[in-house]
Amino acid sequence: MGQITYRQAISEALWEEMERDKEVFLYGEDIGLGGGAFYITKGFQEHFGRDRVVDVPLSEAGWTGAAIGAALTGMRPVIEFQFADFVTESFKMIVDLAAGNHFRQMGPVPLVIRLPGAALVSAGPFHSQNPEPWFFGTPGLKIIAPTTAYDAKGMLKTAIRDNNPVIYLEYKKLYNYPVNELPDILRPDIPSDDYTVPFGEARTLREGEDVSLVTFGTTVLQALEAADILEEEGVSTEVIDMRSILPYDKEAILRTVEKTGKLLILHEARKHGGISGEFAAVVAEEAFEHLDAPIQRVGATNTPIPLSPPLENAYLPSTQKVVDALRELAAY
Amino acid sequence: MGQITYRQAISEALWEEMERDKEVFLYGEDIGLGGGAFYITKGFQEHFGRDRVVDVPLSEAGWTGAAIGAALTGMRPVIEFQFADFVTESFKMIVDLAAGNHFRQMGPVPLVIRLPGAALVSAGPFHSQNPEPWFFGTPGLKIIAPTTAYDAKGMLKTAIRDNNPVIYLEYKKLYNYPVNELPDILRPDIPSDDYTVPFGEARTLREGEDVSLVTFGTTVLQALEAADILEEEGVSTEVIDMRSILPYDKEAILRTVEKTGKLLILHEARKHGGISGEFAAVVAEEAFEHLDAPIQRVGATNTPIPLSPPLENAYLPSTQKVVDALRELAAY
Amino acid sequence: MSETTAERAGIPATSDELARLDYFEDLRDRYLSLDGLDAKWHSFERENSYPSFETCMRLHYFMSHTRAVEETLDSAFRSGHIPGTAYFARGNEAASVGSASCLRDEEWLVPMHRNCGAHLVKGHPARSIMAHFFGRMDGPSRGRDGNFHIGYRPKKITQLISHIGSMIPVAAGIAWAEKARGTGRATLTYIGDGGTSTGDFHEGVNFAAVHKLPVVFIIDNNQYAYKTLLKEQYACKSLILKAPGYGIPGFLIDGTDILLVRKICSEAIDRARAGEGPTLIESVTMRLAGHSVYDKYSDYVDLENLRRWTNERDPLERYDTFLEESGMATIEEISASHARARADAETARDEALKSPFPDPATLNDDVYAP
Amino acid sequence: MSETTAERAGIPATSDELARLDYFEDLRDRYLSLDGLDAKWHSFERENSYPSFETCMRLHYFMSHTRAVEETLDSAFRSGHIPGTAYFARGNEAASVGSASCLRDEEWLVPMHRNCGAHLVKGHPARSIMAHFFGRMDGPSRGRDGNFHIGYRPKKITQLISHIGSMIPVAAGIAWAEKARGTGRATLTYIGDGGTSTGDFHEGVNFAAVHKLPVVFIIDNNQYAYKTLLKEQYACKSLILKAPGYGIPGFLIDGTDILLVRKICSEAIDRARAGEGPTLIESVTMRLAGHSVYDKYSDYVDLENLRRWTNERDPLERYDTFLEESGMATIEEISASHARARADAETARDEALKSPFPDPATLNDDVYAP
Ligand SMILES: Cc1ncc(C[n+]2csc(CCOP(=O)(O)OP(=O)(O)O)c2C)c(N)n1
Ligand SMILES: Cc1ncc(C[n+]2csc(CCOP(=O)(O)OP(=O)(O)O)c2C)c(N)n1
Ligand SMILES: [Mg+2]
Ligand SMILES: [Mg+2]
């Protein structure tokens, strides 16, 4: 039992799974000798050898395809993209090749695709993207978005043991986030024993009566801050961390809407074309009777991600924007 | 003035634009000597020469990138993917390179991306896909989905004259659809003079009072059939062809919801993760007060596209499914 | 700069009988015209390396069976039994059968859409292939896919996706797994002349070269990529000139000569098994039919040249002649093999047509693996 | 099979002084060790082809200015003026300046992230580069991007996207437009050793080769791709062995020797202008600093080797020595050039720091072109 960073959690999950199952191996640029851009696999190559921690040529489509090939033989590759943004190089391999393989009766593709994504400070248009909207509509894929170290570790283990291609979103901003600066609810103790966290189950971070706030990823932090602020104003906000995006916990969304009648969906990705669209549509279809107010969504503005701080701040969702939306809903 | 097929309309638009502006040129596999997989450019190379109708190596990312390069110098490439499905090869080039270029102050990218898409009969998982969900969330792109020959011709001209990358969806099923089998509303006369059709304006195919049906692409046919059936049952359906998906005519959607209070969104792409999610979310946010029933959506099932006829039929949206949804809405 | 083309074109790592520097001048044109090829391509010393009678007849049966299966499918298509389209590979029987016949049962085959013969010789039953084409439940994809987008797990054959090039990295990855597990097994894959232009080809071959993987890449150069000519596809004189750029050996062979194909491929596969890394083989053939059943190829091919290839380089006829002239088999033995090959194809079709269409209720099965 | 490696490695189309067959044995190791390179790389007969004094001093100024601009940016980073990160290219000054100095004003430059020198010599003002790094309105992207993701339209310089390899097809397409318009202009682009592994590299070079486009591809082989070594990146002995596989000429050069770079590049650019098609040039250098300002490169580089390259192959020092020893310039002239180069960099920084940050209200501008 103890407290570790999000980065350590990912690192530990990889290490433990590689110890547990020798068919688990890693492909990635600079992950061997260099330990990876974010040092997730520092020390791995010394321990597991060059055949299981593989520095690959700069060719994402090639090694994604190779990982799929290895997975077809029953191995369990975990591939690291240096930045989530570069997953566009392998789009075809993931969406066309890996995702439908089992449906086409060609066997499972146990593949974990690690994507260090989302905004850090001023990382610019190609080192800050939220990739989930690109993949969300593809049956056969799973998409996971852990925000706590506990979930990061437990869900990565689940991903590695899953027999399907899993897109595992990592939040660069959280890698080295000081544990003691996190709200308590975001730092559950990590068991010293092996544990896993199932996919498809949302986690209620905060119970509330007046408004529901459904989110995932980096904006979990803003959601909690905003809920605190609203609390002081006498508005009780229920905050739900989806954690798993595909499959997603539809029941959890419908339940909270049933309870509060008011829904705000929040994510770092752009609002336009974001996953919140699907969530809102499902609620508008299946919980229409329970809605007491327009469904609101907060996400990034509809522009590419800019680099310069004033622009980046204007682009990203902020606690203030969340507070405003919650207030509006509460007042409705 | 006259009637031509959808395929002829596309062909004519290309021909006339190439005559009008010598900076317009074509890249595509087999488009020169062979006239393309669907014979859209048959006879073009003889007339315009090998420098303007270019048979390219089998390398979509390469020639998409090359087209972007040419566009940066002010030329106006129109690129043909043999099937829309293969656009995944060029995903990065379109989403990362072309789309944000103007935002990054690096000048316009006047590029038209022609994607022969959607289901034909039993074309299987890789020759039947609806690509728009992959691109819908990318600012800087435009996405067009004409269903009449009139729109196909007029919007392709608009696309070629536009200074932004435009994804131009073509429906293989409509290419050679016999003109006299189309409902009148889907075969407006083609002017003999040059004309264009603006982006971002929906077209009301049928006025109605009870239910609104918003759609685009191949399902326009099913929408009209279903509306006929409902008419006989005394339900009046308003049918709207979006035509332009990005930008899309939000006002047209909000207006029809205001009028009928009941909305069905229909497209051939999968319902889950389809563009209908965004449309529904916008309505749930901006026209909530006007909604008298849950927003319904009909689209393909949440599986990859299968080939064998019984499976393909089960997969695709059908007139029956549209009728059922409309009935349910009307009865609500 | 001094320009001595022969020096510059320096051909690396081809089998000595086949590679001469001056040989690569305008090779792309020569493929088409056949001029000058005969003398050199025949110089392969087959006498010293004839396979056994059984092997020779097995190869014969599978080449003939391949032709028969494709012709049977073609007429099934004309009778409306095939939903969608179909690609055939008339002219590529020797290249497919000769190469895949070198694989062991436990080794993976990663075929493309012109490798019907590879499927068959690797053990994929014709009935299964036909049921797949017919969209039936007994096809390996249970109706989810069709055409030569087909694999067969019981015999370790992968299914390609349509996106050309994609399977090259997959083959490299399978070979990576074999190497990582130390199995000593080789992997065999194919790519078209068009496919060599894809980024995936480059990334996959490079990956295999860097990791010295046990994989053999055969370029089925049938001189067309749909309606695109070789000169619109690449500018080098032969595609094996790509081999030194990956640091691997490359061979150029006449893909209509099954014994030559088999000899070079088995050497390459043995090197792979021995841990000596990948090999690139360019097998030159001619696509003797349209790109697909829908293709009006007379619109764009050089018909005179096609006629010459058909007459002079039909792999089956060449092999019939060889078997007979070498005294390896009698005319009767040869005819009996053809007859059996065809009868088996027809039986397979009849059986496949009895397979049911998939129940729409199965549509949602298997999107996810358990 | 007989294995005579030298024959097989047959090196095509390299300049005669630089290419010897046996030269390519283990070249990747030799790059690292420097062993055996000196003798041959110095054999270039410069005496016959010295540029004019003015040109020599212009090259000197821009190499020195490049170093000064990057060092100024580096210290600006340490002072917190650069949001995000920054890549520099210490060691690549000769390759960047020498090559891009051959371009005419009206010709396009398609640089990568180690080509600061190419920007500067092509006419991109240091002030603009710095404002870009500082995230200011006066940078060419108005704060939308930063680092060496930078272009400059007034001087026909494209902006790269981060995805390595993507710009190779773009350069080919620009060259395609030049050819289509019959301008007789060349296009120049760069790619790293790592970048040659990308599918885009392959597709773009092939496209240029097939269409004989007026473009020159320079491989900036600085022996590292971030933390990845050459032997993990490719298995051939030299990357110019890829040239014959595309049917284009290839040259291997010492990228720390600016006059050599300039000579070979200007020949290649002249061939492009004359309609003779693309050229591939491998310019070997060493990345003398970390991958980015955040990189702890001492973790993974061979420090002894780095020290040798720093001492023996610093492009600026080599050129200073050459200018002096050849009598081309006096020590005073050389020092004055350095001083001006640095003063200009510092002035540029001071001016750039005066540029305002973008107003958040501008965020939504320009998503679409009018
Ligand atoms: C990425 C991609 N682009 C386009 C196509 C359409 N297409 C199918 S086969 C073919 C030609 C392939 O040529 P080649 O690789 O030479 O193989 P061949 O058909 O001649 O055996 C093309 C362009 C495809 N399947 N995949
Ligand atoms: C497609 C892609 N994958 C990964 C990266 C991350 N990345 C940035 S630079 C770099 C190394 C590039 O090496 P090389 O091409 O040799 O250029 P160098 O930095 O050495 O000049 C990597 C892996 C990237 N930018 N693009
Ligand atoms: Mg071919
Ligand atoms: Mg490098």
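Any value given below was found using the heavy atoms of this structure, including those in side chains, with hydrogens, waters and symmetry copies removed. Bear in mind that the values here come from a model prediction, so they are computed numbers and not experimental data. Each chain gets a letter, A, B and so on, in the order the sequences are listed, and its residues count up from 1.
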Checking the side chain of D:Tyr368 only, and the main-chain atoms of B:Leu141 only, is there a donor and an acceptor separated by less than 3.5 Å?
yes
Does any backbone or side-chain atom of B:Val54 lie under 4.5 Å from a heavy atom of chain D? Answer side chain, backbone, both or neither.
side chain
Pair B:Phe103, D:Leu363 - check side chain to side chain contact (heavy atoms under 4.5 Å, CB included), show working.
CA-CA 9 Å; B:Phe103 181 76; D:Leu363 173 61; 4.1 Å; yes
Would you say the side-chain atoms of B:Asn164 pair up with the backbone N or O of D:Ala369, donor to acceptor, closer than 3.5 Å?
yes
Would you mind checking if D:Asp200 and B:Lys92 are paired as a salt bridge, meaning a charged N to carboxylate O distance below 4.0 Å?
yes
Hey, does D:Pro169 have a side-chain heavy atom less than 4.5 Å from the side chain of B:Met93?
yes
Does the side chain of D:Pro140 come within less than 4.5 Å of B:Met106's, by heavy atoms?
yes
Most contacts with chain D, counted as non-hydrogen pairs under 4.5 angstrom, among B:Ala70, B:Pro108, B:Pro139, B:Gly140:
B:Gly140
Would you call B:Arg104 and D:His149 a side-chain contact if the rule is heavy atoms closer than 4.5 Å?
no
When the 4.5 angstrom heavy-atom criterion is applied to B:Glu60 and chain D, the contacting part is backbone
So what's closer than 4.5 Å to chain B heavy atoms on D:Ile174: side chain, backbone, both or neither?
both
More than 12 non-hydrogen atoms from neighbouring residues, nucleotides or ligands closer than 6.0 Å to CZ on D:Arg127, yes or no?
no
Can you tell me how far CG of B:Leu72 sits from CZ of D:Arg153, rounded to the nearest 0.5 angstrom?
7.5 Å
Per-residue contact mode, D:Val367 against chain B (heavy atom under 4.5 angstrom):
both
Main chain of B:Ala61, side chain of D:Glu203: is a donor-acceptor contact present, judged purely on distance under 3.5 Å?
yes
Between D:Gln159, D:Lys179, D:His202, D:Arg181, which has the largest tally of heavy atom pairs under 4.5 Å with chain B?
D:Arg181
Among D:Trp176, D:Phe207, D:Phe201, which residue forms the greatest number of heavy-atom pairs with chain B at distances under 4.5 Å?
D:Trp176
Any donor-acceptor N or O pair under 3.5 Å, side chains B:His102, D:Asp366
no
Counting heavy-atom pairs under 4.5 Å with chain D, the top scorer among B:Gly107, B:Pro165, B:Gly74, B:Ala71 is B:Gly107
So what's closer than 4.5 Å to chain D heavy atoms on B:Pro57: side chain, backbone, both or neither?
side chain
Report the C-alpha separation of D:Asp145 and B:Gln105 in whole Å, then their side-chain angles, then the decisive distance to 0.1 Å, and conclude whether the side chain to side chain contact (heavy atoms under 4.5 Å, CB included) test is met.
CA-CA 9 Å; D:Asp145 211 334; B:Gln105 307 293 314; over 6 Å; no
Shorter than 4.5 Å, heavy atoms on both sides: which option in B:Gly65, B:Pro77, B:Gly100 has the most such pairs with chain D?
B:Gly65
Top of D:Arg142, D:Lys156, D:Arg144 for chain B proximity - count of heavy-atom pairs under 4.5 angstrom
D:Arg144
When you compare the side chain of D:His163 with that of B:Leu97, does any pair of heavy atoms fall below 4.5 Å?
no
